[in-house]
Amino acid sequence: MSETPFIVLSAILFTIGCVGVLTRRNAIVVFMCVELMLNASNLALITFARVHGNLDGQVAAFFVMVVAAAEVVVGLAIIMTIFRTRRSASVDDASLLKY
Amino acid sequence: MIGFWLLAPVMVAAALGILFTRKAVHAALLLAVVMIGLAVMYALQDAPFLFAVQIIVYTGAILMLFLFVLMLVGVDASDSVVETIKGQRLMATVVGLLFGAVLVVGVAQVTVGAVTGLDEANAEGNVPALAQLLFSTYVFAFEATSALLITAAIGAMVLAHRERLTPKVGQAERAAQRMRDYVDHGKHLGPLPSPGVYARHNAVDTPALLPDGSAAETSVSRTLTARGTVRSAPALADDVTVLSRQIGHDGRRDGESGTTGNGRDREPGDQA
């Protein structure tokens, strides 16, 4: 089974994640799109691990998952803190540094 | 290969759904679809360990964390459609389409040679082979991961911790405050009215009727009002009229008038 369909799927998912980060305003949805991009890159890593016949790609995907878990915990805590002080989870409302 | 072609359209459709749904909860559920699809993709490619980790860690832990935070932030917090930068949405879509086209075309044209397959690497099982790599070649990265996880846990605790700036308000202070509100603004002392209890509807989304026939706004939860699922009291009355006409009732209008839940201020059957 060739590797191209998997890589193309991974590219499509990554692109959708990118567009989501650029267009959505809700900080939690933006965060979900970042997760989508991480997952898409994981798919590419695992596909190339199979193509090259060694497990280094799978180990890399495993580390990506660990980093994503840590990132989600801290990121959601930051979103909660911002929500508590500003009563909003929109990325446009946190603009104090602009002025 | 059949699994791939069955799942890939579903995953792309769900991922596109994340872009277009207004409600964050729907986006989280669609993301769960994509992640379970990805888990199956991993299983298809001889990665059973990562298949399990993807389902347990991503779909089980991370998405549940997302849903928890969504519940804390409020389900009715939907996205605003106002663009802060003019034309940003259009520009982002165009850039995204171009980026996607370039990426897909570029990737599709590259060939990396024959697929080796993982049969040899997975000869003694996928998990032992991964463990062999993790605890030999990547052992320093693995140790650094533990430091990262500790840092993340402490960071989350520091961010979630809140110093108390004002003294804790106890029951006595609350009661005194309620009395003060009553004296100053005439605010009602007792609890909020309970939802309406009718012959055919007594759920929490049914507002109680005030003596003048209007619905009591405070008798239904604010969240239900924001979701737009509150029934309107006049519609309930119409409902009963239609029904009584259907069953050939002689027009006695029993049980359609609302009470504020405790039934003290209503005597059954007193309306002709």
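Letters go in sequence order (proteins before strands), and every chain restarts at 1.
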Once rounded to the nearest 0.5 Å, what's the spacing between atom [atom1] of [X] and atom [atom2] of [Y]?
X       : Y       : atom1 : atom2 : result
B:Leu44 : A:Arg50 : CG    : CZ    : 9.0 Å
B:Asp46 : A:Ile46 : CG    : CD1   : 11.0 Å
B:Leu72 : A:Leu76 : CG    : CG    : 10.0 Å
A:Leu43 : B:Tyr42 : CG    : OH    : 6.0 Å
A:Phe31 : B:Ile62 : CZ    : CD1   : 9.0 Å
A:Asn26 : B:Lys23 : CG    : NZ    : 13.0 Å

Heavy-atom pairs under 4.5 Å with chain A, option from [options] with the top count:
options                               : result
B:Thr93, B:Asn126, B:Thr151           : B:Asn126
B:Ala61, B:Ala108, B:Ala8, B:Ala47    : B:Ala47
B:Asp119, B:Val57, B:Leu16            : B:Leu16
B:Gly106, B:Ala114, B:Ala15, B:Ala129 : B:Ala15

query = Between B:Leu103 and A:Thr15, does a side-chain contact (heavy atoms from CB on, under 4.5 Å) hold up when you go through it step by step?
reply = CA-CA 8 Å; B:Leu103 205 57; A:Thr15 312; 4.3 Å; yes
Please look at [X] and chain B and tell me whether the side chain, the backbone, both or neither of the residue comes under 4.5 angstrom of a heavy atom of that chain.
X       : answer
A:Phe63 : side chain
A:Ile78 : both
A:Ser10 : neither
A:Met80 : side chain
A:Ile82 : neither
A:Ile28 : both
A:Val21 : neither

ask   = Between the side chain of B:Gln45 and the main-chain N/O of A:Glu3, is any donor-acceptor distance below 3.5 Å?
value = no
Could you tell me whether [X] atom [atom1] has more than 12 heavy atoms of other residues or ligands within 6.0 Å of it?
X        : atom1 : value
B:Gln132 : CD    : no
B:Ile150 : CD1   : no
B:Glu217 : CD    : no
B:Met64  : CE    : yes

Taking every non-hydrogen atom, the tightest pair across [X] and [Y]:
X        : Y        : value
B:Arg162 : A:Arg84  : NH1-CD, 3.6 Å
B:Leu118 : A:Leu55  : CD2-CD2, 4.1 Å
A:Ala70  : B:Leu149 : CB-CD2, 4.3 Å
A:Val74  : B:Leu159 : O-CD1, 3.9 Å
A:Gly20  : B:Leu19  : CA-CD2, 3.1 Å
A:Asn54  : B:Ala121 : CA-CB, 4.5 Å

Indicate yes or no: at least one non-hydrogen side-chain atom of [X] is less than 4.5 angstrom from one of [Y].
X        : Y        : value
A:Asn42  : B:Leu38  : no
B:Leu50  : A:Met65  : yes
A:Leu9   : B:Met41  : yes
B:Leu134 : A:Phe62  : yes
A:Asp56  : B:Leu133 : yes
A:Arg24  : B:Thr21  : yes

Under a 4.5 Å heavy-atom cut-off, does chain A meet the side chain of [X], its backbone, both or neither?
X        : result
B:Ala153 : neither
B:Met11  : both
B:Val12  : both
B:Ile18  : both
B:Asn122 : side chain
B:Phe49  : side chain

I need the residue from [options] with the largest number of non-hydrogen atom pairs under 4.5 Å to chain B.
options                   : result
A:Gly75, A:Gly53, A:Ala61 : A:Gly53
A:Val73, A:Leu13, A:Val59 : A:Val59
A:Thr47, A:Asn39, A:Thr81 : A:Asn39

message = Under a plain distance cut-off of 3.5 Å, with no hydrogens placed, do B:Tyr58 and A:Glu35 share a side-chain donor-acceptor pair?
response = yes
